[in-house]
Amino acid sequence: MNRWVYLFSEGSKEQKDLLGGKGANLAEMTKLGLPVPTGFTVTTEACLYYLNHGDQLTDELKTQVMTAIEQLSAKTGKKFGDLKNPLLVSVRSGSKFSMPGMMDTVLNLGLNDQTVAALASNSQNERFAYDCYRRLLQMFGNVVMGLDNSTFEGRITALKKVNGLSFDNELTADHWKQIVSEYKELYRKNLQREFPQDPIEQLYLAIEAVFGSWNNARAKTYRRLHGISDDLGTAVNIQEMVFGNFGETSGTGVVFSRNPSLGDPGLFGEYLINAQGEDVVAGVRTPKPIQVLAEDMPEQFNQLKAICENLETHYQDMQDVEFTIEREKLFILQTRSGKRTSKAALTILLDFFKEGIISEDTLVSRIEGKDLEAALHPNFAETALKNRVSFLSGLAASPGAATGAAYFSADAATEAKARGERVVLVREETSPEDIEGIAVSEAVITSRGGMTSHAAVVARGMGICSVVGCERLIVMEEENQATVADETIEEGTILSVDGSSGKVYFGEIPMEEVGHTVALDELHTIWDRHADIKVRANAETPNDIETGMALGAVGIGLARTEHMFFEKTRLLQFRRLILADSLAERLAVLKELKTVQKQDFKYMYEAAGGKPTTIRLLDPPLHEFLPRNAEECREVAKELGKTFNEVKRKTDNLAEVNPMLGFRGLRLGVAYPEIYQMQAEAIIEAACEVTEEQEFSIQPEIMIPFTIDAGEFAHVRQAIEEAIQNNLRDNQRTLDYQIGTMIEIPRACFVADQIAQHADFFSFGTNDLTQMALGLSRDDSPRIVTQYLEAGIFEDDPFQVLDKAGVGALMKLAIEGGRKVNPQLKIGICGEAAAHPKSIDFLNELGIDYISCSPFRIPQAKMTLAKATV
Ligand code: PEP
Ligand code: MG
């Protein structure tokens, strides 16, 4: 025999699959001895059987339901259809996951023309009894028989109007009697049948309606949108009625065990005196805040509070509780995990941990990335977003949300900011020259580029929200305009940008109210205790470094020195360097540059407060710094005191067809050793001075990028060492330092054992390694990658999530090679993909020492690394 029915006293919270969420929790509360009205659950299996066998309730099921009803009668002393003491029940659906769209609730089932009289005389309240009856007719008519609710409500409105009344609670017993007969008439007129008077028939019809609602269109859509399987079915909960509409000592309400928007401890919610279930949510009367109950009914309030605390501790989660008070007696009708904002989620978890409700491991495992992200960045208010449709979307490159006026050039953005405007920079793509424009903007949107493009990396580094690679966006910078299909963005058009979802909206969207700032420091201490792999920051400006440190970095893993040349005067110096005609000219510029770089590095060391700092020598894809057209050549010529032709010729000379595989990294170091020597000296001098001036000592890690070959690395290392040794000797100083390399070219992975003989550490640059391993341009690939994702060829964008099979295999090879020569070899990863939560498991497998990422990604990375350990 199949078991289709469970009494609440027989189930438990673990049985959500069988009893649905609501049923499992009702059973659990019954087990805990809480005041739950008695009842039983018809299982999800019964529902599936019904749906798969011609939508018929089997005799076996009916027998089990009737047995349960008898047990209910035995417990309550009430009987279905009894003329003295009739049993009334509520019927509610409840699948494994809470699912709006299915049949909801029928209350007061069991009432009919006879039992209503019994209810009236038992309660000595005729008005109450007929109000209950009309509610049954209305809910049953709506959810079981499919009549439109407004048909019913319209009758009440009309009656109030005729009698010059405003509120339902002003209607008398006679009014409700009249409504009851009008409702019955509606059944006849619309359904050509009578309202079923037999409580058992009512019950079977209600059960069938719940079962059937599993497959209604709204429920199906909801499941599809939320990835819920169609094969779960729904349970039906049948429970003795308790009445919140019994008069002034009765009421009903909904409470959260903690504030769901900010996370504060203490009950949060509302209630209505003399009301039934749906009145609270229907908005017919304005409910009172739950704290008022403490004055209205202190005993019941305290009992409710104690129950909520008990439930919270038991479930180890914030609860959303429905209750009813019937003639001063409190009943709990439902409990479930409460929905909450991200800020509340984090605050609650930390408080639970401090209050001893959850363990440290549970805290670590329960923190969710999206909540952490929302706590770190401003976001649009969820309620406001609900009614808005985005007109443009792209890659969610840097999280957070902001509103501002569109500007199409860095200069226009800077000017607008100076006028006090909030700015959204809209570009085809950004280049180093745009850096100031980016810095003054609230958000950056580009039509091209991927997750590792300039705009994405720089915005992320600065904590500015950004959406890149918006393919439908056509930017006409010259005309100060952009278009998306038929829509036009003019200069000054107000845009709202959501860097967490990659969506862009017209007009302003209100921001979410900022509650408490979450105690990130506490979380960092806990995460550091758990994870073996450390997290450093990719940062070079003091601002970024401070942000990185504040967000929990244990050091700097990648300071990209070419990023120090984006500011206008620096850019000019850098252009002078690369456009120099002779060694003498270059040396003169280098002398100037050494002074400013030394200052840069001192700031960096100080901002990092003595934590390990890896500085990468110049790795500029040269084209990013060259004048891009004749006009820029003219400007540069003027600024550098050269002729247009000189600049043009040199620029043409340096132009490369494939600059990302051109004159970068070590190629520059081999051709112009004096540049790297200058940088190395600046690094060393700054380290010595800071060590002398501060309480901490600096042992710089100098990183050489783009290594292909051991001989090449050794060659350049020797040049750098010479400069460093001379410098130390001349200044009569000593200093510990390391010289390592980035591993970002496939060949370097194959010959890692040879390179490790000369390098003190490795750091994988997975941006370039992915580009070269897959043969996909890191800047141009979004279109291709999007296609591959849509076609299901790629599961993830390899520039965002480490490609374990390919790039990962190369990394394994390099680590094996490197550690064979030097078992202590320190190994890090500083490409963007390392910090993605989906890459993290693999990193544990690799056995690396640290990852390094943009400051704002650090908490997320630390969280995921710690999570992997519990
Ligand atoms: C990399 O290639 O992964 C890297 C970190 O360096 P960059 O992005 O500066 O090329
Ligand atoms: Mg690189």
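No hydrogens, no waters, no symmetry mates; every other heavy atom, side chains included, goes into these values. Note that ligands are numbered from 1 as they come in the structure, with each ligand's atoms numbered from 1 the same way.
Ring geometry for F713 versus H758: interplanar angle of 30 to 60°, hence tilted. Using a 30° and 60° split on the angle between ring planes, F601 and Y605 fall in the tilted class, from 30° to 60°. Taking the six-membered ring where the residue is Trp, Y672 and F663 present perpendicular rings, their angle passing 60° and hence far from 30°.
At a cut-off of 2.8 Å, E744 is counted among the residues with an N, O or S atom near the Mg ion (ligand 2).
For ligand 1 and R778, the ligand atoms under 4.0 Å from any heavy atom of the residue are 2 (O), 7 (P), 8 (O), 10 (O). Residue E744 has at least one heavy-atom neighbour below 4.0 Å for each of these atoms of ligand 1: 1 (C), 2 (O), 6 (O). Applying the 4.0 Å criterion to heavy atoms of C830 picks out, from ligand 1, the atoms 5 (C). Contact atoms of ligand 1 toward D768: 1 (C), 2 (O), 3 (O), 10 (O) (distance under 4.0 Å to a heavy atom of the residue). Counting the atoms of ligand 1 from 1 in the order shown, those under 4.0 Å from a heavy atom of R664 are 10 (O).
In the candidate list E832, M660, M742, R560, R560 is nearest to atom 9 (O) of ligand 1, counting heavy atoms.
Closest protein heavy atom to atom 6 (O) of ligand 1: R616 NH1, 3.0 Å. For atom 3 (O) of ligand 1, the closest heavy atom belonging to the protein is N767 N, 2.7 Å.
Of the polar atoms of T766, at least one N or O is found under 3.5 Å from an N or O of ligand 1, judged by distance alone.
The atom of D768 that is an N, O or S and sits closest to the Mg ion (ligand 2) is OD2.
A salt bridge between E639 and R575 is absent, with no side-chain N of the basic residue lying under 4.0 Å from a carboxylate O of the acidic one. Salt-bridge annotation for D619 and R560: absent, with no side-chain N of the basic residue lying under 4.0 Å from a carboxylate O of the acidic one.
Using a 4.0 Å cutoff on heavy atoms, H563 does not count as a contact of ligand 1.
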Query raised in the report: How far apart are the C-alpha atoms of E562 and R616, what are their side-chain angles, what is the distance that settles it, and do they pass the salt bridge (Lys or Arg N to Asp or Glu O under 4.0 Å) test?
Result: CA-CA 9 Å; E562 63 278 4; R616 182 177 76 183; 2.6 Å; yes
Report task. Could you give me the CA-CA distance, side-chain angles and deciding distance for H524 and W527, then say whether ring-ring contact (aromatic ring centres under 6.0 Å, His included) is met? Result -> CA-CA 5 Å; H524 282 303; W527 288 331; 5.4 Å; yes
Report task. Walk me through it: do D528 and K862 pass the test salt bridge (Lys or Arg N to Asp or Glu O under 4.0 Å)? Result -> CA-CA 8 Å; D528 286 341; K862 288 182 72 167; 2.8 Å; yes
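Side-chain atoms of Q679 and T561 include a donor-acceptor pair closer than 3.5 Å.
In L558, the part holding a heavy atom less than 4.0 Å from any atom of ligand 1 is the side chain. Counting heavy atoms under 4.0 Å from ligand 1, residue Q771 does not touch it at all.
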